Asks: 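This is the structure I have questions about; it appears just below.
Each chain gets a letter, A, B and so on, in the order its sequence line appears, and its residues count up from 1. These numbers were taken from a predicted model, which means no experiment stands behind them.
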Number of protein chains: 2
Amino acid sequence: MNSSPLSGPVMSGPSSITDVARRAGVSIATVSRSLRGLPNVSPVTRTRVLRAAAELDYVVSPAASRLASRRTGTIGVVVPFARRWFFSQVLGAVAAVLREAGMDLLLYDLADRVGREEFFDRLPLRRRVDGVLVISLGLTSAEAKVLRELGVPAAIVGVRTPWLPCVRIDDVEGSAKAVRHLVNLGHQRIGMLSSGLEDPTRSGTPTDRRTGYRKALREAGLAHDPTLEHLGAWGPDGGAEAMADLLALPDPPTAVFAESDEMAVGAMRTLRRAGLRVPDDVSVVGFDDHEIAGLVDLTTVRQPVAEQGEHAAILLLDAVANGPSEVPSEIVLPTRLIVRSSSTPPRIRTRWPGPAEGLPTPRAHER
Amino acid sequence: MNSSPLSGPVMSGPSSITDVARRAGVSIATVSRSLRGLPNVSPVTRTRVLRAAAELDYVVSPAASRLASRRTGTIGVVVPFARRWFFSQVLGAVAAVLREAGMDLLLYDLADRVGREEFFDRLPLRRRVDGVLVISLGLTSAEAKVLRELGVPAAIVGVRTPWLPCVRIDDVEGSAKAVRHLVNLGHQRIGMLSSGLEDPTRSGTPTDRRTGYRKALREAGLAHDPTLEHLGAWGPDGGAEAMADLLALPDPPTAVFAESDEMAVGAMRTLRRAGLRVPDDVSVVGFDDHEIAGLVDLTTVRQPVAEQGEHAAILLLDAVANGPSEVPSEIVLPTRLIVRSSSTPPRIRTRWPGPAEGLPTPRAHER
DNA sequence: TGCGGTCATGAAAACGCTTGCTGCATTCCT
DNA sequence: AGGAATGCAGCAAGCGTTTTCATGACCGCA
């Protein structure tokens with residue numbers, strides 16, 4: 001139906017502001033003002049316009065509107081890896097705030113090194129957003145500079161960055177909380193599973209969390225034994241490997257603090273496969289309160305994830321609306337220790353069980 | 001610097017196509033054609049234009065381009081809940097394909113009932129996308145109709161929907177695989193943890209997976225005992241509750257199949273707290289191969305998650321480029337049983353351990 | 001040499017809004 | 001009552017592209 005151009009002017013695509021103007025008997029300028037709630041329109045005119053628009057099922061053309069107004073009504077959200085738990089949580093929260101504000105959300109998932117390079121190289125955001133929200137991406141200063149040159153307000157979640165308003169947590173203090181908890185339980189040998197700098201997407205965080213670990217040990221008057229600090233790749237597998245390393249020590253720790261819940265869970269798997277029990281043989285504490293933590297009863301440090309996204313989005317929207325504030329704001333949200341059943345006082349150890357079958361060969365041996 | 005309007009015409013905002021045209025000594029029409037790789041431009045002219053554009057650091061104005069071309073270069077992606085694992089995985093995959101294709105990704109996270117209603121009510125996608133990708137959203141026919149009226153191609157991941165090209169898995173067959181696995185291990189009493197229809201975002205799936213469960217039982221010549229089929233809310237807590245119900249039966253199952261890994265993990269928690277061991281006392285099999293499955297050594301049915309997103313995106317891009325195909329395509333991707341250590345042959349049961357402390361009160365008692 | 005054809009280019013008309021400016025009526029003061 | 005505000009609308013100039021159509025230049029061929 002209506003496939004022939006001969007069928008007349010009936011189906012002529014979506015109606016434009018001109019149609020509304022004609023129908024309401026006013027100029028298009030007045031329609032524009034009415035629709036956007038600007039002043040200087042009499043109530044009666046406005047209602048007439050609104051009705052006409054509704055009757056025609058009119059929707060403004062974003063393209064035309066943007067071209068004319070030089071505003072995009074869009075926020076670019078840059079995530080290092082949309083598939084990971086943390087980022088998807090933040091993204092969800094950001095999406096909610098932006099929707100509320102009537103802003104479009106243009107998503108950029110860097111995902112891999114090439115994506116990242118291409119992003120900062122070509123700056124695909126240019127001319128298409130009013131603001132940029134960066135989620136937990138450790139930016140090199142060059143990258144930060146490029147971002148600034150975009151010429152629109154920006155904000156960042158999770159990592160302190162020069163020039164950028166930032167919403168984050170205190171990783172040092174959070175880690176210290178976790179370690180203090182273990183100390184208070186009576187542990188003396190506390191290991192740490194940490195993810196070096198291998199993950200460029202969280203830079204800063206690993207270091208901070210390690211710092212918190214050392215700080216808490218120091219405060220407790222415990223010696224910092226470097227052999228108890230083990231690096232692994234990011235994620236469960238890294239945690240599993242690092243844990244295996246620790247187990248291979250002559251005098252393994254009675255408790256470990258993992259940089260992230262993911263690593264903690266990996267560590268728990270190693271322990272399980274080694275025939276060791278959590279927390280009876282080894283206490284484990286994680287960080288983040290990833291959804292998985294509750295499922296495996298992991299003691300952890302909760303950080304407000306969605307809230308960070310919300311705050312950042314609000315911050316950014318404000319900057320977009322009112323211009324960036326002179327001094328970039330910084331919001332630090334609180335963390336909280338969540339005690340579950342993966343941590344308990346150390347057992348008086350009578351005999352350390354020998355390596356059980358299934359225990360991964362410690363990497364140390366491979367070198 | 002350059003803050004005064006008196007400082008001359010130097011910093012005059014981003015350069016426009018006119019600037020490029022002037023610099024290259026051609027008309028803007030030629031610039032447009034050159035930049036977009038259209039034919040009918042001599043190689044020498046094209047390079048000249050390209051160089052001028054590069055020198056001026058020129059980027060086309062999407063707004064102007066869209067207005068003139070009546071194309072948006074944008075795909076709207078609708079997810080019911082960006083924060084959940086499955087959706088974030090698909091989203092990541094879709095993002096990658098769209099980026100590759102140079103399409104913008106406009107994200108709509110429905111997240112809650114109000115978001116959903118508002119979405120289908122106001123259709124915020126109107127006039128701003130060239131295509132819509134719906135991720136695992138069970139659409140009412142009214143909603144599907146609304147979508148069609150958007151007038152742009154659409155595709156959907158995960159749930160068969162009239163009129164929409166669809167990429168999905170065979171849930172019935174997948175579930176049957178899981179149950180057959182348990183049957184082959186020798187289990188006779190196999191429970192199922194299922195999430196009724198409480199989650200409007202996955203409609204279809206729960207039913208299909210239950211169907212597969214029954215089908216496999218029937219094929220194996222096992223009686224279908226309705227008391228072994230228990231409903232719970234979506235997610236780990238639902239699984240935990242449903243599992244508690246099953247444990248309260250006079251003759252509990254020796255194995256359970258959970259509709260999703262999330263429910264399976266919840267069930268495992270219930271078992272653990274009840275002092276029962278997986279798989280020694282009860283075998284558990286999940287569905288999805290959620291990242292958590294590997295971490296808790298859960299046997300499950302893997303579905304290709306990212307691949308579904310990729311295929312759907314490609315499908316959609318094709319429809320956008322070449323017009324929708326007459327008969328909406330349907331791609332069904334294969335599932336695969338992943339055997340881990342949560343399933344094992346049933347033990348010759350000498351004595352069923354009584355309810356241990358920590359076992360949640362079965363809901364049946366509460367009613 | 002002349003003629004239909006192909007090719008590269010330019011002129012100009014959209015595309016559908018926003019917004020500064022202008023022009024009237026009204027209303028408000030003194 | 002006269003002039004100054006004030007409120008409401010319309011005019012028209014953009015906003016920066018894409019795309020149709022027209023115009024020559026050039027080519028091969030008879």
Asks: Run the salt bridge (Lys or Arg N to Asp or Glu O under 4.0 Å) test against Arg160(B) and tell me which residues pass, sequence neighbours left out.
Replies: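 Listed in chain order: Glu330(B).
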
Asks: Need one value for Val31(A): base, sugar-phosphate or nothing, where a base atom within 4.0 Å counts as base even if backbone is also close, heavy atoms only.
Replies: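 Answer is nothing: Val31(A) stays at 4.0 Å or more from every strand.
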
Asks: Going by the salt bridge (charged side-chain N to carboxylate O under 4.0 Å, His left out) test, which pairs reach into residues 62-75 of chain B, not counting sequence neighbours?
Replies: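 Qualifying pairs, neighbours excluded: Arg66(B)-Asp104(B).
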
Asks: OP1 or OP2 of dT19(D) less than 4.0 angstrom from a side-chain nitrogen or oxygen of Arg36(B), does that happen here?
Replies: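 True: Arg36(B) side-chain N/O within range (under 4.0 Å) of dT19(D) OP1/OP2.
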
Asks: Please report the end-to-end axis angle for the helix from dT1(C)-dA30(D) to dT30(C)-dA1(D), five pairs per end, rounded to 10 degrees.
Replies: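 Overall, the helix from dT1(C)-dA30(D) to dT30(C)-dA1(D) bends by 30° from one end axis to the other.
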
Asks: With salt bridge (charged side-chain N to carboxylate O under 4.0 Å, His left out) as the rule and sequence neighbours excluded, what pairs involving residues 32-41 of chain A come up?
Replies: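 Of all non-adjacent pairs touching residues 32-41 of chain A, none passes salt bridge (charged side-chain N to carboxylate O under 4.0 Å, His left out).
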
Asks: Give the rounded distance in Å between these two atoms: CZ of Arg126(A) and P of dG16(D).
Replies: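 Computing the Arg126(A):CZ to dG16(D):P distance gives 16 Å.
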
Asks: What one-letter contact string describes nucleotides 4-15 of chain D from 5' to 3', where B marks a base within less than 4.0 Å of any protein heavy atom, S marks contact via sugar-phosphate atoms alone, and - marks no contact?
Replies: ----SBBB--BB

Asks: What are the 5'-most and 3'-most nucleotides of DNA chain C lying under 4.0 Å from any heavy atom of chain B?
Replies: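 The contacted stretch runs from dA8(C) to dC17(C).
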
Asks: Under the salt bridge (Lys or Arg N to Asp or Glu O under 4.0 Å) rule, collect the residues that match up with Glu100(A), sequence neighbours excluded.
Replies: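 So Glu100(A) forms no salt bridge (Lys or Arg N to Asp or Glu O under 4.0 Å) with any residue.
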
Asks: Let me have the donor-acceptor pairs involving side chains of residues 141-149 of chain A, under 3.5 Å, with sequence neighbours excluded, atom names and distances please.
Replies:
from: Glu143(A); atom 1: OE1; to: Arg116(A); atom 2: NH2; distance (Å): 2.9
from: Glu143(A); atom 1: OE1; to: Thr140(A); atom 2: N; distance (Å): 3.0
from: Glu143(A); atom 1: OE2; to: Arg116(A); atom 2: NE; distance (Å): 3.0

Asks: Hey, can you pull the donor-acceptor pairs under 3.5 Å for the side chains in residues 313-325 of chain A, sequence neighbours left out?
Replies:
from: Asp318(A); atom 1: OD1; to: Asn322(A); atom 2: ND2; distance (Å): 2.7
from: Ser325(A); atom 1: OG; to: Val327(A); atom 2: O; distance (Å): 3.3

Asks: Could I get the full list of salt bridge (Lys or Arg N to Asp or Glu O under 4.0 Å) partners for Arg99(A), not counting sequence neighbours?
Replies: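 Arg99(A) satisfies salt bridge (Lys or Arg N to Asp or Glu O under 4.0 Å) with Asp112(B) only.
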
Asks: Identify every side-chain donor-acceptor pair in residues 48-59 of chain A under 3.5 Å, counting partners at least two apart or on other chains, and give the distances.
Replies:
from: Arg48(A); atom 1: NH1; to: Ala24(A); atom 2: O; distance (Å): 2.6
from: Arg51(A); atom 1: NE; to: Glu55(A); atom 2: OE2; distance (Å): 3.4
from: Glu55(A); atom 1: OE1; to: Arg23(A); atom 2: NE; distance (Å): 2.7
from: Glu55(A); atom 1: OE1; to: Arg23(A); atom 2: NH2; distance (Å): 3.0
from: Asp57(A); atom 1: OD1; to: Arg126(B); atom 2: NH1; distance (Å): 3.2
from: Asp57(A); atom 1: OD2; to: Arg126(B); atom 2: NH1; distance (Å): 3.2

Asks: A side-chain contact here means heavy atoms from C-beta on lying under 4.5 Å apart; do Ile17(A) and Ser32(A) qualify?
Replies: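 Ile17(A) reaches Ser32(A) side chain to side chain.
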
Asks: Does anything in residues 110-145 of chain A form a ring-ring contact (aromatic ring centres under 6.0 Å, His included)? List the pairs, not counting sequence neighbours.
Replies: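 Sorted result for residues 110-145 of chain A: Tyr108(A)-Phe119(A).
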
